[in-house]
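So you know, we letter chains A, B, ... as the sequences are listed, proteins then strands, and number each from 1.
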Amino acid sequence: MRDTSDTIVACSSPLGRGAISLIRISGPDLSFLCGELGIKEIKNKEARVKEIPLQDGFKEKCVLTFFKGPNSFTGEDVLEISCHGNPLIVELIIDFFVDSGCRRAGPGEFSLRGFVNEKLSYLEAEAIDDLINSENILQLNASARSLSGKFENKVDELINELIKLRVYLESNIDFSDEEIIEDFDTFKANLNSFNNELDDFIKDSNASKYLIEGAKVIITGPPNVGKSTLMNSLCDENASIVSENSGTTRDIIQRSVKIDNISFLLHDTAGITAFSDDPVEKEGILLAEGLLSDCDLVIEVLDVFTESYVRSYDKPVIKVENKSDLSDKFRKDRIKASFLNGEGVEELKKEMIKKLNLPDMLDQITFSARSRHTKLLKMAKIELALAAKVDSIDALELIAENLRIASDFFGEIKSPYTSDELLGKIFSTFCIGK
Amino acid sequence: MDKFDVIIIGGGHAGVEAAFACARMNKKSCLITNNLDDLGKMSCNPAIGGIGKSHLVKEIDAMGGLMGIAADFGGIHFRVLNSSKGAAVRATRSQSDRILYSNKVKEIINSEHLLTIIDSEVSEVLLSNSKSKGVKLSNGKSIHSKKVILTAGTFLNGKLFTGEEEEEGGRIGDKPSKKLADFLLSLELNSGRLKTGTPPRIKASTVNWSVTKEQPGDSPRPTMSFITTNKIHPQQMSCHITRTNLKTHEIIMEGIEKSPMFTGKIEGLGPRYCPSIEDKIHRFSDKNSHQIFIEPEGLTSKEIYPNGISTSMPKEIQQRMVNSIKGFEHAEITKYGYAVEYDFFDPRGLNHSLETKKIENLYFAGQINGTTGYEEAAAQGLVAGINASLAIDDKAAWIPKREESYIGVLIDDLVTIGTKEPYRMFTSRAEYRLLLREDNADQRLSPIARKLGLLNEERWMSFSKKLEDIEKERTRLQGFKLSLSQINDLNKNANAKRKSSISALEALKRPEITYERLCQKLKIQPERNEIALDVTTNQKYFGYIQRQKKEINKVKKNENALIPEKTDFNQIEGLSNESKQKLSLVKPKTLAHAQRIPGLTPAAISLLLVHIKKKSIQKNNVA
Ligand SMILES: Nc1nc2c(ncn2[C@@H]2O[C@H](COP(=O)(O)OP(=O)(O)OP(=O)(O)O)[C@@H](O)[C@H]2O)c(=O)[nH]1
Ligand SMILES: [Mg+2]
């Protein structure tokens with residue numbers, strides 16, 4: 001990891017031509033640098049126009065805005081420079097500051113400073129990342145709201161309620177000789193209403209996760225039913241090899257498609273069969289099975305020739321029967337399709353959106369959640385559901401254990417620092433200058 | 001030549017446990033107390049055990065300590081608290097006859113030949129180069145030793161308050177060791193102030209027992225120690241219950257402005273969990289009545305201890321308040337309640353071994369570290385005694401782990417978090433509560449104690465026998481198969497949908513199936529209680545135990561991330577001053593330890609990590 005004691009500089013707007021580019025400088029040397037530019041005194045949040053002398057007498061007219069630490073994004077003194085959106089000009093300005101003793105910032109370094117100086121919570125740092133990577137207005141809105149603390153506030157609110165529930169349990173255990181006011185039935189009722197609230201929150205979080213990260217879909221079924229054909233027709237290209245031979249697909253093929261503003265990350269997999277002797281095919285089947293436990297949605301494809309194929313999934317499933325062009329008989333509980341000529345594909349797409357169980361108004365999603373968040377929320381939910389099942393006041397210590405673990409999961413949403421790799425990962429996925 | 005290996009200053013519960021541990025580890029040691037009568041004295045309510053505390057007592061016992069045995073020899077009332085709840089949170093509590101209790105303590109330590117007991121006052125610890133060399137007595141004599149364990153911290157610089165009266169001193173009737181207190185202050189250790197209170201004592205013959213509710217001890221009667229039976233218990237007595245009423249509250253409200261807690265005379269923070277009666281009435285003004293346990297002080301004592309009305313109000317108000325309570329209408333007060341404010345030293349100045357960071361060879365144990373309670377004191381005495389002895393033999397300290405014992409939780413909390421109020425043990429302080437039952441303290445600790453040389457043969461044999469019997473019982477139950485209908489029989493409201501039969505051992509995992517009913521059904525002789533309890537609980541908790549073990553392994557990884565001894569926390573770039581201070585104070589040795597320091601932000605932890613990494617890279621590059 002890098003130093004946090006020197007002054008760093010980087011371009012904070014996307015590289016490339018545009019109307020305006022933004023260069024950001026943060027660190028202890030700002031008053032010195034301002035002196036270099038001939039600025040004697042600059043006030044907090046004051047913007048002023050200044051010419052910066054660049055190479056060979058070339059001067060660029062810029063707008064300089066100063067933010068005094070600790071009331072800035074990084075917690076240090078920050079100077080923001082708006083210049084013309086020309087990559088060459090941006091480079092020259094950065095060179096100017098590097099020559100004056102600044103260092104080029106590495107990926108995520110501004111956010112890191114903000115985080116270290118306790119200007120940003122972990123969740124806010126994530127929201128910034130989302131904001132910058134937003135691709136449409138829905139995403140943009142959601143991550144902006146998250147940044148304003150909506151998601152974190154809700155998590156805090158739930159944590160506080162959970163604490164209240166735990167207080168009841170712990171005081172009943174540690175002070176059983178005292179008379180405690182609340183009774184077990186009231187506790188159970190409170191626990192249940194907490195669980196309902198959490199369910200709603202998970203639903204919203206899921207939706208927002210789909211909005212931000214997309215949904216992970218696996219296409220599965222027996223060999224040779226047309227899974228790869230479906231994959232190709234959903235993403236309009238020949239991503240997967242199609243052949244009349246059974247066991248064609250072995251590796252997992254990934255493609256991303258957009259349906260109604262939501263990204264779907266499709267995974268075409270090896271057909272699942274119990275009768276393969278081929279070690280490579282077997283390996284492919286194992287990979288496919290592994291994916292099943294880590295996806296959001298399953299598309300199970302059979303064809304009209306499939307005799308019987310019974311599997312259960314713990315994820316939402318869309319069932320399809322392919323090759324309807326070859327037979328008049330088909331199962332009633334499946335989408336009838338012929339991927340070769342595009343039949344059933346539209347219906348399938350609609351179903352894919354429907355199965356995500358999104359709230360009616362996507363633009364009302366108030367935060368951006370990531371799969372990291374929803375995973376932890378769901379894990380907490382499992383614990384709380386177990387706790388709700390215990391019906392006897394005699395097992396208070398077991399209920400308490402479930403609630404303890406649940407609150408650890410909540411805590412992990414807020415500060416997932418259990419190892420160093422995490423920190424490295426987070427801040428290096430930020431692009432330069434954020 | 002040092003005259004002694006270890007000198008223990010103070011003969012309270014920490015002191016005697018420390019001395020006894022040193023003696024068992026074959027160290028020539030010397031206990032110095034300024035009053036021989038005070039050895040093992042219960043200076044407050046003579047109760048041992050209770051929730052969280054009984055876990056400590058059983059652990060001390062499993063380590064071969066003396067507290068459990070003395071509590072059994074002195075115990076005149078035994079009860080299991082939380083008895084309707086699961087085994088992890090059940091807790092044995094006893095009332096002692098204070099004379100019988102301290103007699104047993106004296107008997108035990110007097111029979112240790114390596115231990116010398118001296119009746120004298122210590123005025124200072126001898127120091128050279130920030131290392132302790134022994135002690136100096138107030139008569140001017142010096143005694144040298146390799147290690148010194150200081151446990152004489154009861155009510156350092158104590159101030160007593162009753163109403164508007166104020167008096168220097170420790171417990172009423174105790175002479176405070178002023179010289180030692182002054183010496184300790186001269187060491188300039190971080191210190192703070194705490195307060196606690198006591199209720200007025202009442203003459204037993206003036207209580208109208210007939211209107212109180214009797215609470216007899218449990219039957220069958222539990223024991224505190226693993227190696228005693230309840231046959232050694234002396235004659236038993238009952239506790240009684242009465243309550244405060246609106247009249248009582250009125251009287252208290254009248255006097256509340258004169259209570260030193262409210263006049264601001266007392267700065268120290270008192271325990272939230274054990275508030276004075278005026279506090280309770282002030283804070284829970286909607287409650288019309290509070291419970292009072294009337295506890296016996298001993299078989300021959302003429303006083304009772306009204307647990308629940310600790311107070312420091314003026315004497316006249318105490319008297320009226322007491323007389324307003326049912327059963328106390330004509331009660332005579334023998335000693336008035338008072339609040340006491342005293343000094344303690346920030347335990348974050350200690351290593352996990354309880355050696356002070358500032359002065360080598362000097363250990364602190366007991367109330368001086370900010371704890372309250374005999375059990376907490378004794379546990380620290382044990383740890384200090386063991387570690388002083390180990391250090392003499394050049395062996396690594398014994399650092400009890402949080403996942404292994406309440407003793408571990410206690411020590412780690414003290415040296416990591418410190419305390420703002422008198423620290424008392426609760427089960428909720430232990431994150432691995434389900435693993436740390438009072439009934440399995442021996443399984444958790446006795447093997448360790450054996451290795452350290454703390455267990456005598458008798459204890460080890462009895463423990464080994466218990467393990468064997470548990471294993472036998474598990475195998476026996478494994479051998480019985482229960483059919484579907486048999487299981488449903490045992491469980492009225494169940495409809496098991498299993499295809500095949502399961503073993504009797506497996507059946508115990510079900511919450512509704514008790515060991516007793518199972519034995520009846522199988523027509524087999526039940527095993528003795530402690531065996532049945534262990535087998536049953538391990539089945540009932542099975543899934544939870546597996547999970548806690550997993551969690552422990554996860555934490556262990558960070559526990560293995562060592563922070564180099566010489567790390568200068570002030571050098572860490574980007575760290576806020578507050579975080580630097582916290583880290584420099586606690587000097588965590590592992591990353592996991594640092595993570596437990598309250599108020600350290602995730603960012604601070606990450607910076608710490610980065611710093612260590614950077615250092616280790618630099619080191620590797622040089623090498
Ligand atoms: N008649 C007809 N043939 C189809 C249809 N869809 C796919 N096929 C054919 O079925 C064969 C198998 O198609 P794939 O898409 O490779 O099947 P797969 O399920 O990916 O097979 P594996 O990867 O081997 O498991 C190919 O010859 C396709 O042309 C359809 O709707 N109608
Ligand atoms: Mg394929």
Side-chain angles (χ1 to χ4, degrees), chain A residues 1-6 70 74-76 112-122 125 166-167 169-179 181 383 386 389-402 404-405 408 411-412 414-424 426-427, chain B residues 50-52 79 81-91 93 273 284 286-287 289-291 293 307-308 425-429 431 433-434 511-512 540-541 543-544 547-548 551 554-555 557-558 561 573-576 579 591-592 595 601-614:
Chain A
M1 188 73 52
R2 301 159 294 260
D3 268 323
T4 52
S5 59
D6 54 358
T74 59
E76 305 174 323
L112 174 64
R113 289 189 178 195
F115 177 69
V116 162
N117 292 322
E118 288 158 35
K119 303 304 290 181
L120 278 182
S121 74
Y122 185 83
R166 293 186 67 196
V167 164
L169 291 172
E170 297 300 339
S171 51
N172 260 299
I173 289 171
D174 273 337
F175 300 96
S176 59
D177 256 4
E178 313 275 322
E179 302 138 292
I181 313 122
E383 294 300 325
L386 282 176
K389 263 200 218 150
V390 182
D391 236 354
S392 148
I393 192 160
D394 300 348
L396 276 194
E397 80 276 17
L398 298 182
I399 304 181
E401 175 70 359
N402 291 126
R404 179 184 73 86
I405 295 173
D408 281 357
E412 216 178 313
K414 293 205 53 152
S415 52
Y417 294 93
T418 43
S419 69
D420 57 331
E421 82 225 46
L422 236 158
L423 182 76
I426 297 302
F427 289 102
Chain B
I51 298 169
R79 217 154 64 85
L81 307 180
N82 278 338
S83 57
S84 71
K85 302 191 181 92
V89 296
R90 280 180 216 162
R93 185 177 189 275
Y273 45 82
F284 307 102
D286 53 333
K287 262 191 104 175
S289 171
H290 296 271
Q291 196 170 240
F293 287 93
N307 200 342
M425 187 47 76
F426 294 110
T427 70
S428 50
R429 296 195 194 268
E431 53 277 56
R433 177 163 65 193
L434 297 181
E512 332 74 32
K540 298 259 184 275
Y541 282 179
Y544 290 89
R547 269 220 313 215
Q548 290 215 326
E551 195 180 320
K554 221 168 98 189
V555 174
K557 282 187 193 139
N558 280 335
E573 284 149 15
L575 211 55
S576 71
S579 299
L591 191 67
Q595 278 173 322
T601 58
I605 297 288
S606 332
L607 288 172
L608 172 62
L609 236 158
V610 169
H611 181 81
I612 302 169
K613 278 246 152 121
K614 215 153 81 179

State, with a plain yes or no, whether a side-chain heavy atom of [X] is found less than 4.5 Å away from one of [Y].
X: A:E397; Y: B:T427; value: no
X: B:F426; Y: A:I173; value: no
X: B:R547; Y: A:I405; value: yes

Query raised in the report: Between atom CG of A:L398 and atom CZ of B:R433, what is the distance when rounded to the nearest 0.5 Å?
Result: 9.5 Å
Query raised in the report: Of the backbone (N, CA, C, O) and the side chain (C-beta and beyond), which part of B:R90 lies under 4.5 Å from a heavy atom of chain A, both, or neither?
Result: neither
Report summary line: Sorted by chain and residue number, the side chain to side chain contact (heavy atoms under 4.5 Å, CB included) partners of B:Q548 (sequence neighbours excluded) come out as A:E401, A:R404, B:Y432, B:L434, B:L435
Requested in this report: Name the region of A:L396, side chain, backbone, both or neither, that has any atom closer than 4.5 Å to a heavy atom of chain B.
Outcome: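 Looking at A:L396, just its side chain touches chain B.
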Report summary line: Sequence neighbours excluded, the answer for side-chain hydrogen bond (donor to acceptor under 3.5 Å, both in side chains) partners of B:N307 is B:E295
